[in-house]
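Below: the structure, in structure tokens.
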There are 2 protein chains.
Amino acid sequence: MVVKTKETGRTQETCTKALLPVRDALDILSGKWKLPIIIALSFGHKRFGELRNNVHGITDKMLSKELRDLEMNELVKRTVHDSVPVVVEYSLTPYGDTLEDLIGELQNWGTLHRKRILKKQK
Amino acid sequence: MVVKTKETGRTQETCTKALLPVRDALDILSGKWKLPIIIALSFGHKRFGELRNNVHGITDKMLSKELRDLEMNELVKRTVHDSVPVVVEYSLTPYGDTLEDLIGELQNWGTLHRKRILKKQK
DNA sequence: CGGTATCCCTGAGGATACTG
DNA sequence: CAGTATCCTCAGGGATACCG
């Protein structure tokens, strides 16, 4: 016999369904560096060294690897200008731009949360 | 001598500043399970077993640990009803509720992204 | 300048069993 | 029902050095 809780099966099902897309999103956005890199690029196209400077603490290896991942998922575009010395620029693709609203909310909440923890530490 | 790029120092600085709150937010939201758990709870208060059912794939240990973390960060409230057998309910705190907009955008983008990858696999 | 190549290690997370 | 206790794996990530 199935045990029924106060919650309807309908609601449970809705919740389960809602979590599927979230899982998909987190699969390609999660990790320590992906969102910071994307946000840095949301300020405009940048070169490897600029990104390294903006995203504090990241190593060359991680930056290189994360950029490759993001490129594979078509969120970031890599452009090589064959000048001497070589110049490589990274930018968001149109698909990467669709993250704009999500990024905005992340920044909003992050700002709210940062105020909260800074206040607590006093 | 400092090499100047097209980008102004001003923009670089703005970018760096913007990343600080994001780092703070990610510090307590990142990981495989935190956001899925929070989203499950955004549908209403739930018991341990309900959460285990909703958040597919999570183990008892991880669920227990993540709930403790979220409680410590005041995003989730744990309520013990001293009935027999014991009933424990988890819900979002008012502070947890402030994640609503962020969660909405995560769901929006996740849905968009899910459509995209499902289409590709055909 | 824009990366690779190695080596290394911690800790996030999983499997299974057990408990008040 | 709502968790703990153990044990274990592995991959995310760091440090350092090197390269075209």
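What's counted below: heavy atoms across the whole structure, side chains too, no hydrogens, waters or symmetry copies. Lettering of chains follows the sequences in order, A, B, ..., and the numbering in each one begins at 1.
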Whole Å only: how far is the [atom1] atom of [X] from the [atom2] atom of [N]?
{"X": "B:K32", "N": "C:dA12", "atom1": "NZ", "atom2": "P", "value": "14 Å"}
{"X": "A:L51", "N": "C:dG3", "atom1": "CG", "atom2": "C1'", "value": "13 Å"}
{"X": "B:R78", "N": "D:dA2", "atom1": "CZ", "atom2": "P", "value": "10 Å"}
{"X": "A:N54", "N": "C:dG2", "atom1": "CG", "atom2": "P", "value": "13 Å"}
{"X": "B:D27", "N": "C:dA12", "atom1": "CG", "atom2": "P", "value": "12 Å"}
{"X": "A:H45", "N": "C:dG2", "atom1": "NE2", "atom2": "C1'", "value": "17 Å"}
{"X": "B:K65", "N": "C:dG11", "atom1": "NZ", "atom2": "P", "value": "11 Å"}
{"X": "A:K61", "N": "D:dA11", "atom1": "NZ", "atom2": "C1'", "value": "10 Å"}

Checking [X] side chain against [Y] main chain: does a donor-acceptor pair fall under 3.5 Å?
{"X": "B:S83", "Y": "B:V86", "value": "no"}
{"X": "B:T93", "Y": "B:G96", "value": "yes"}
{"X": "B:S30", "Y": "B:D27", "value": "no"}

Measuring only between side-chain heavy atoms, which start at C-beta, is A:W33 closer than 4.5 Å to A:L63? no
Nucleotide nearest [X] (side chain, heavy atoms from C-beta), chosen from [options]:
{"X": "B:V88", "options": "C:dG3, D:dA15, D:dG3", "result": "D:dG3"}
{"X": "B:W33", "options": "C:dG13, C:dG2, D:dA2", "result": "C:dG13"}
{"X": "A:D60", "options": "C:dG3, D:dG13, D:dT4", "result": "C:dG3"}
{"X": "A:Y90", "options": "C:dG3, D:dA2, D:dT4", "result": "C:dG3"}
{"X": "B:T59", "options": "D:dG3, C:dG2, C:dG14", "result": "C:dG14"}

Distance below 4.0 Å between A:R68 side-chain N/O and C:dG2 OP1 or OP2: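 Answer no for this pair, as no side-chain N or O of A:R68 is under 4.0 Å from OP1 or OP2.
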Indicate whether OP1 or OP2 belonging to C:dG2 is found under 4.0 Å from a side-chain N or O atom of A:R52. no
Classify the side-chain pair A:Q12/B:N54 by whether it contains a donor and acceptor separated by less than 3.5 Å. yes
Let me spell it out: for each of A:S64 and A:V86, pick the nucleotide of DNA chain C with the closest heavy atom. Which residue's pick is nearer the 5' end? A:V86
